[in-house]
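Step one of this worksheet: look at the structure below.
Per chain, numbering begins at 1; letters A, B, ... match sequence-line order. Note that the structure is predicted; figures quoted are calculated from it, not measured.
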Amino acid sequence: MNLDELKILWDSQEQGIAQDRVSRDEVLALLEGKGRSALSRINRNILIEMGVVALFGVLWILMLIGKASPPSSLEIAGVFLYVILSAVFYRWKFASLNAARLEGKNLKSALTHTVKVMGRFMRIYYWAGWVLVPVLGSVSFLYSVFTEFQESGIDPASVAGSRWAIIIGIMLIYNVIAVIFVKWYVEKLYGKHYKVLKGALEELEEDTE
Amino acid sequence: MVQASSAPIVATAQGMDQSTNQKAAFLDMVTQHQGIIHKVCRTYCDSQEERRDLFQEVVLQLWRSYGKFRGESKPTTWMYRIALNTAISGFRKKTRRPQYTGMPDYVMDIPAPEDDPDYHEKRSLLYQAIGQLSEVEKAVVMLYLEEKSYEEIADIMGITVNYVGVKLNRIKNKLKHLMQPYT
C-alpha cells in the first residue's frame, strides 16, 4: 500500500465523520461539562495529593499539641517549613499543569515545554523520595525517640542494644518503604507518559542533527 | 453623576457582550471545522470512549487558547496545532482492552459500497497501518492526507520543510514494509 492508496481510503472516512458531527449546542455543552476532561482529572489528582500532604501536616500538629511538654522552636519551625514548602510546590505544580501550554504553539515547542515541566516534577519527586523523605523521616523519628526517652527519664546509654536494633530496624523499613513508594508513584504518575513524550520530541529533534 | 455611576455597569455590559460574541464566534468556528478534531481523534484513539474524551479535551483546550489567537495563522492551522498537541502531549486515560484486535470500532461505521466488497477490510488496513506509526509519524501522515502543503505541515509540527519530505519518505517505506503481507 502506498500513500496514494492510503489517501483514497482516508477520504472515504468523510461519511463516517459526518455521522460523528456535533451541533453548536452540543459543543457548548462540552465546554460547560468540564468534569470528564483530562485536565479536570489532573486537577483532581493534585487535590488528592494535596489532601494527603495536608493530612500529614494536621497529624504532625496534633502530635505536637498532644505532647506532654510544649513544642520546641525547632518543632514549630519544622511544621512551618513543611506548610510553606507544600503550599509553594502545589501552587507551582497547579500553575504549570494548568498553564495554556498548548496555545497555538507548534508541536515541537509544546512537547519541549511539557517534557521540561514533567522532567522537573519527576526530579523533585525523586529528590524528595530518595533524599528528603529518608533524611527528614530518620531525623524526626530519632528526635521523637530521644524526646520520649527524655520525658520518661530514660538514659539513652542505658537502653539495651537489642532495643536500639529494633529502633534502627523500624527506621530502615520506613526508609525502604518510602523510597519504593515514591519510585512507584512517580513511575505511575509520569514515568510512562514522560518516556513517550521524550521519544516524540527526540524524533522531532532529529531534524536539527 | 448619573453618567459616573452607570459607567461601570456599561463597561460590564460591554464586557459581557464582548465575551458572548467571542464565545459565539468560537462556537461557529469549532462547529464549522470540527472535522479536523474528529480526524485527529480517529488517528489517535481506537475506542469511542477515548475519542469522546479527546474531542472534549481538544474543544476545551481550543477555548482556553482562543482569547490569545490573533489570527497570525489560518484558524484551521491553529486548530490542527492545538488538536495534535492535545492528542500527543495531553494526559489521556487509555481504555484498557483485554485483547487488541487491530481494528478501531469505527471501521464498520459506514456501509461498504456495492462495487467494493473489500471496503471494510481496506479501511481496517488503513487504521492498522496508521496505528503502527509513531505519534509524530501519525501527525505528519495525517496532515499529508489532509492535503496540507509541506510548509503548513512544517509550521504545525515545528520542523523544517526538508525534514517533512524526509519524514514522508520514511513513512512511505515503513508503510510499504508494514503492508507487504496484505498486498
Quick check, are the ring centers of A:Tyr125 and A:Phe89 under 6.0 angstrom apart?
yes
Which atoms of B:Ile156 approach chain A - backbone, side chain, both or neither, heavy atom under 4.5 Å:
backbone
Do any N or O atoms from the side chain of B:Glu137 and from the backbone of B:Ser134 form a donor-acceptor pair under 3.5 angstrom?
yes
Does any backbone or side-chain atom of B:Ala24 lie under 4.5 Å from a heavy atom of chain A? Answer side chain, backbone, both or neither.
both
I need the residue from B:Thr160, B:Val166, B:Leu168 with the largest number of non-hydrogen atom pairs under 4.5 Å to chain A.
B:Thr160
Does atom CD of A:Glu187 have more than 12 heavy-atom neighbours from other groups under 6.0 Å away?
yes
Under 4.5 Å from a heavy atom of chain A, the part of B:Phe26 involved:
side chain
Between B:His38, B:Met157, B:Gln32, B:Gln34, which has the largest tally of heavy atom pairs under 4.5 Å with chain A?
B:Gln34
How far does CD of B:Glu50 sit from CG of B:Leu54, to the nearest 0.5 angstrom?
8.5 Å
Look at B:Val140, B:Asp28, B:Ile130 and state which one has the largest set of heavy-atom pairs under 4.5 Å with chain A.
B:Asp28
Please look at B:Val30 and chain A and tell me whether the side chain, the backbone, both or neither of the residue comes under 4.5 angstrom of a heavy atom of that chain.
side chain
For chain B, which candidate among A:Val22, A:Leu111, A:Asp11, A:Val27 shows the most heavy-atom pairs at distances under 4.5 Å?
A:Val22
Any side-chain heavy atom of B:Trp63 sitting closer than 4.5 Å to one from B:Gln22?
yes
Check each atom of B:Arg70 against the heavy atoms of chain A and say whether the ones under 4.5 Å are side chain, backbone, both or neither.
neither
For the residue pair A:Tyr126 and A:Trp130, does the interplanar ring angle fall in the parallel (under 30°), tilted (30 to 60°) or perpendicular (over 60°) class?
parallel
Report yes or no: does A:Ser109 contribute a side-chain atom to a donor-acceptor pair with the main-chain N or O of A:Lys105 at less than 3.5 Å?
no
